[in-house]
Amino acid sequence: MRPYILRRLKTDKSVIADLPDKTEVKAFCQLSRKQAALYQQSVNELAAQLEDAEASNARAWCCRS
């Protein structure tokens with residue numbers, strides 16, 4: 001058995017009245033130099049993966065018959 005997630009979307013007209021407005025709480029914290037470097041490395045890797053995925057998607061889109 002695998003885990004699964006049940007999600008309700010505000011775009012679903014039957015549940016929009018039940019859901020409260022979205023609230024955001026921003027919490028700022030200081031990172032050590034090592035933590036900041038690891039975070040930046042992760043951001044850079046994700047950006048590269050997104051660029052690759054977008055390029056692959058663009059190639060797939062333009063090459064459809």
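For reference, positions follow the sequence shown, starting with 1. The model shown is predicted, which means the values in this text are computed figures rather than measured ones. All values below come from the heavy atoms of this structure, side chains included, with hydrogens, waters and symmetry mates left out.
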What pairs of donor and acceptor atoms, side-chain ones from residues 24-32 against any protein atom, are under 3.5 angstrom apart with sequence neighbours left out?
{"residue": "E24", "atom": "OE2", "partner": "K22", "partner atom": "NZ", "Å": "3.4"}
{"residue": "S32", "atom": "OG", "partner": "Q35", "partner atom": "N", "Å": "3.1"}
{"residue": "S32", "atom": "OG", "partner": "Q35", "partner atom": "OE1", "Å": "3.4"}

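- In this structure, CD on Q40 lies 11.0 Å from CD on E45, to the nearest 0.5 angstrom.
- Among residues two or more places apart in sequence or in another chain, the side chain to side chain contact (heavy atoms under 4.5 Å, CB included) test is passed with E51 by none.
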